Amino acid sequence: MNRENFRKKVDQLWKELTSSVDQINRSDNDIVIRAEEILMETDLTIRKLKDLLKQYKFLDWSDEIFFFKKTKPQFVAIYIYYSKVLAIEASKPYADAHALKAYYENERGNLLYFYNEQKEFISYYRRKSTYLDKKYFIRFKFDFKLKLSPELYSYDEGFSTSHDHIVSQILANDLLDQYLTDKIDSKEVRKNSITQMQNMEWTAPKVALIELLYSLHQTKCFNAGHADLAEIFRWAENSLHISLGNYHKTLSEIRLRKTDRTKFLSLLTQNMDQYLNDLDE
């Protein structure tokens, strides 16, 4: 398997996983049930990723570093994140709002231990440094002068490096920190801050918004192209207070249009051109 085919298959695995996670989170099930379903999906996907890697030989050290620094951690981060969410929510006490807030604050405080324990590597990672990548993200090259995880010998050496799991933990804990922050913030505070601004509603057809969001995603307009399609749609739904339903199915319907498949984008261009022409007169 060549690098292009390998990365295409990995990208397809990622798209399928994020789509599954998005669909599960759209259900009305309790977060505990949803987290369990997502963990099963993620476990299956990581196993597929591992099988793919067995069929591929890295071309050089930069190829291997890219996989263990960028690719694998995003899959494992989802598993770690939902494992922690499941543990937190399944152990949540049946208590009043004040007690629950204290519970979530305590859980958020527990994250500080990880950030303090790994502060040197976290600084290296967040600054996008590369000078130690060969030591951190190449298999079978553990430098015992560096700070290593005590669980290192439990890892699959063919599917792990000394620090790729720590990257996964960073990504997962960042998500968990936001999750807990949202839980800690009272509904009243959020409501007051929101009502200070006038709500914006999408009043054009939903299919038009879906067409627009797909176009923005393909043009890499969000987070320098690193935002997932599911993340973009969740952001739009939350911001515009709208449910876009099964947008994958809607895209299939857009593809079946016989003329002007991107008619909303054409309308935008037409109206903007007209506006500019009016200004010129």
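Below, each value reflects all heavy atoms present in this structure, side chains not excepted, and no hydrogens, waters or symmetry copies. As the structure is a computational prediction, the values presented were derived from the model and not from experiment.
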Quiz item: Going through the checks in order, is the ring-ring contact (aromatic ring centres under 6.0 Å, His included) test met by Trp61 and Phe137?
Solution: CA-CA 9 Å; Trp61 60 264; Phe137 302 109; over 10 Å; no
Quiz item: Where do Glu211 and Arg257 land on the salt bridge (Lys or Arg N to Asp or Glu O under 4.0 Å) test, with the steps shown first?
Solution: CA-CA 12 Å; Glu211 182 181 324; Arg257 292 174 180 169; 3.1 Å; yes
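- The minimum heavy-atom distance between Glu231 and His226, with the atom names listed, is OE1-O, 4.4 Å.
- Taking the six-membered ring where tryptophan is involved, the planes of Tyr136 and Phe121 are perpendicular, since the angle between them exceeds 60° and thus also 30°.
- In this structure the side chain of Tyr81 never reaches within 4.5 angstrom of the side chain of Ile38, judged on heavy atoms.
- Side chain to side chain, His165 and Ser160 fail the donor-acceptor criterion of an N or O pair below 3.5 Å.
- Seen from the ring of Tyr179, Arg108 does not count as a face-on cation partner, given the 6.0 Å and 45° thresholds.
- Here Lys48 contributes atom NZ and Leu17 contributes atom CG; the two are 10.0 Å apart, rounded to the nearest 0.5 Å.
- The side chain to side chain contact (heavy atoms under 4.5 Å, CB included) with Glu4 is formed by just one residue from the set Met1, Lys8, Arg7; it is Lys8.
- Using a cutoff of 4.0 Å between basic side-chain nitrogens and carboxylate oxygens, Asp174 and Arg126 are scored as salt-bridged.
- Exactly one of Lys69, Lys72, Lys70 qualifies for a salt bridge (charged side-chain N to carboxylate O under 4.0 Å, His left out) with Asp164. That residue is Lys72.
- One distance of note links CG of Leu53 with CZ of Phe67; it measures 4.5 Å at 0.5 Å rounding.
- Linking ILVMFWY side-chain heavy atoms closer than 4.5 Å, directly or via other members, places Leu265 and Ile254 in two distinct hydrophobic clusters.
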Quiz prompt | Worked verdict on Ile122 versus Tyr115 for side-chain contact (heavy atoms from CB on, under 4.5 Å) | solution = CA-CA 7 Å; Ile122 291 172; Tyr115 290 127; 3.6 Å; yes
Practice problem: Go through Arg26 and Glu237 one step at a time and tell me if the salt bridge (Lys or Arg N to Asp or Glu O under 4.0 Å) criterion holds. | Solution: CA-CA 11 Å; Arg26 285 168 179 268; Glu237 288 180 321; 3.0 Å; yes
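- How far CD of Gln218 is from OH of Tyr214: 9.0 Å, rounded to the nearest 0.5 Å.
- Ion pairing between a basic and an acidic side chain is recognised when a charged N comes within 4.0 Å of a carboxylate O; Glu89 and Lys92 show such pairing.
- Counting all heavy atoms, side chain and backbone alike, Ala35 lies closest to Leu86 at CB-CB, 4.0 Å.
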